[in-house]
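Just below is one structure, and these are the notes that go with it.
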Amino acid sequence: MSNAGKLNTSSSELDLDRPNIEDYLPSGSSIHEPHGKLRLRDLLDISPTLTEAAGAIVDVSYSSLFISFHDSFTRCFKSNPPEPWNWNIYLFPLWCCGVVVRYGILFPVRVLVLTIGWIIFLSSYIPVHVLLKGHDRLRKKIERILVELICSFFVASWTGVVKYHGPRPSIRPKQVFVANHTSMIDFIVLEQMTAFAVIMQKHPGWVGLLQSTILESVGCIWFNRSEAKDREIVAKKLRDHVQGADNNPLLIFPEGTCVNNHYTVMFKKGAFELGCTVCPIAIKYNKIFVDAFWNSRKQSFTMHLLQLMTSWAVVCDVWYLEPQNLRPGETAIEFAERVRDIISVRAGLKKVPWDGYLKYSRPSPKHRERKQQSFAESVLRRLEEK
């Protein structure tokens, strides 16, 4: 074939892939001469295109924002395991020896310690609770000491090394203690020093049994997060409790959920609306031997306790900080943020602007779609105004 023939063939093949501009132009009958003054909006009516473009931009922007929020939010509730150190052939046998010691020696001893503690506690608590019903003041005093005792046995079963800084809390009316929250063991760590009356989520199983029997003797208050009516009932119980001169000090974890001891999420304002003195408590766990964070979505509390009992030790610091009062002109939300600042600085925790309850209720796809649509409409309105 000649070069001219090849060239013609290549040109025809290229023409097959080349768009025909005439196919995209309107026919002659559909072109009309404009009457009167020619306006740009008559020729370029691009509102549908703007709508689609704005929708695409909003969809991408909102999705990126949601992903950024999700990553930042979930970072507060993730366990960060330490870097593995047993990769070396010389260190791996040492690590195996450690496993044998922790599971074969320490764990049985700790189970024995905890069993002895429960035997001592129940053999004392049941007679006191039954026989001293007519002597409420004496009964409450003894039950308070026994609850502190069983919590001490729990801490001993983890080989707990806890350093307490500051003056020990005293029983006074019109005061409430607030602390950052890492695990349910926060309550045990604080309770072994002072028999607090804590406000806590109602749990099922053996933990719920302890809540409804033993812990109610120290004035603890339980709520169910799924029931909206509990909010008003609990608020009334809190107000009544802080007014009592003989009631145990009230302890509240205003974050409302367990956070991984690297961050603090927003404090609920309920503890700061009681019109009483707020005493901050900062808790910081050392992860050198075990991560004390309880991820309730991945692990039951029983398995969490087993993890602690098979570790080397639970090491933490507790700071009882200076009591705070509501300042003139300060709102409850501002008061809560100020106390959160104090706790975060003392414990070396990072503040994040997230509500911890989002851990239990994430935005639905329909909700996100409505937000995208309303945002797209606002963008279009601003474009039309310009």
Side-chain angles (χ1 to χ4, degrees), residues 66 69-80 176-191 196-205 207-208 210-211 215 220-228 230-231 233-235 238 250-273 278 280-285 287 290-305 307-308 314 316 318 332-333 336-337 339-344 347-364:
F66 180 77
F69 156 75
H70 185 268
D71 291 342
S72 178
F73 178 77
T74 55
R75 195 181 301 130
C76 304
F77 308 102
K78 283 183 178 179
S79 299
N80 298 315
V176 59
F177 291 80
V178 297
N180 57 301
H181 198 22
T182 305
S183 168
M184 273 210 299
I185 71 168
D186 299 338
F187 165 71
I188 299 175
V189 168
L190 297 176
E191 197 79 1
F196 286 104
V198 70
I199 173 173
M200 189 185 295
Q201 163 75 20
K202 184 70 174 176
H203 291 273
V207 177
L210 293 181
Q211 287 178 323
L215 293 181
C220 295
I221 301 171
W222 317 116
F223 66 92
N224 193 338
R225 191 175 281 110
S226 60
E227 295 184 11
D230 274 13
R231 188 185 297 270
I233 297 173
V234 168
L238 293 179
L250 182 63
L251 173 64
I252 298 177
F253 298 105
E255 289 174 296
T257 187
C258 296
V259 187
N260 64 6
N261 211 225
H262 290 283
Y263 303 89
T264 56
V265 296
M266 289 172 56
F267 280 10
K268 302 294 182 294
K269 64 178 182 177
F272 305 89
E273 294 179 322
V278 174
I281 301 177
I283 306 173
K284 180 64 175 180
Y285 291 93
K287 293 174 58 177
V290 67
D291 186 0
F293 169 57
W294 177 38
N295 191 341
S296 57
R297 287 184 171 272
K298 295 184 178 181
Q299 193 179 45
S300 66
F301 187 63
T302 303
M303 293 304 298
H304 180 56
L305 287 181
Q307 178 186 356
L308 300 179
V314 174
C316 76
V318 176
I333 296 177
E337 283 300 297
V339 172
R340 183 161 76 114
D341 285 338
I342 295 172
I343 292 175
S344 300
L349 305 174
K350 298 178 182 178
K351 288 179 58 181
V352 290
W354 309 130
D355 187 343
Y357 278 178
L358 290 175
K359 177 182 176 182
Y360 303 97
S361 56
R362 303 291 176 84
S364 64

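What's counted below: heavy atoms across the whole structure, side chains too, no hydrogens, waters or symmetry copies.
Between the CG atom of Leu251 and the CD1 atom of Ile221 there is a distance of 11.0 Å, given to the nearest 0.5 Å. Taken to the nearest 0.5 Å, the OG atom of Ser344 stands 12.5 Å off from the OH atom of Tyr263. The CG atom of Leu238 sits 4.5 Å away from atom CD1 of Ile199, with the distance rounded to the nearest 0.5 Å. Atom-to-atom distance recorded for Lys284:NZ and Cys316:SG is 11.5 Å, nearest 0.5 angstrom. In this structure, the separation between CH2 on Trp294 and CE on Met303 is 13.0 Å, given to the nearest 0.5 Å. Rounded to the nearest 0.5 angstrom, Asp291 CG and His304 NE2 are separated by 8.5 Å.
Nearest approach of Met266 to Arg340, heavy atoms of both residues: N-NH1, 3.8 Å. Of all heavy-atom pairs between Ser183 and Cys258, the closest is CA-SG, 3.7 Å. In terms of heavy atoms, Phe187 sits closest to Phe253 at N-CZ, 4.1 Å. Taking every heavy atom of both residues into account, Ile343 and Ala179 meet most closely at CD1-CA, 4.3 Å.
Put simply, the side chain of Ile252 does not reach to within 4.5 Å of the side chain of Phe177, judged on heavy atoms. Using a 4.5 Å heavy-atom cutoff, the side chains of Thr182 and Val259 are not in contact. With a 4.5 Å cut-off on side-chain heavy atoms, Ile281 and Val178 do not count as touching. Within the 4.5 Å cutoff, the side chain of Val290 has heavy atoms near those of the Gln307 side chain. Inter-residue side-chain proximity for Val189 and Val318 is flagged as met; some heavy-atom pair is nearer than 4.5 Å.
With no hydrogens or angles considered, a side-chain donor-acceptor pair links Asp186 and Tyr285 at under 3.5 Å. Residues His181 and Thr257 bring no donor and acceptor atom of their side chains to less than 3.5 Å of each other.
Counting only distance, with no hydrogens or angles, the side chain of Glu255 and the backbone of Asn180 share no donor-acceptor pair below 3.5 Å. With Glu191 contributing its side chain and Phe196 its backbone, the two residues share a donor-acceptor pair below 3.5 Å.
Few gaps surround CG on Leu210; more than 12 heavy atoms of other groups in view lie less than 6.0 Å from it.
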side-chain contact (heavy atoms from CB on, under 4.5 Å) between Glu273 and Lys268, intermediate numbers included:
CA-CA 10 Å; Glu273 294 179 322; Lys268 302 294 182 294; over 6 Å; no

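Between Lys351 and Glu337 there is a salt bridge, since a side-chain N of the basic residue sits under 4.0 Å from a carboxylate O of the acidic one.
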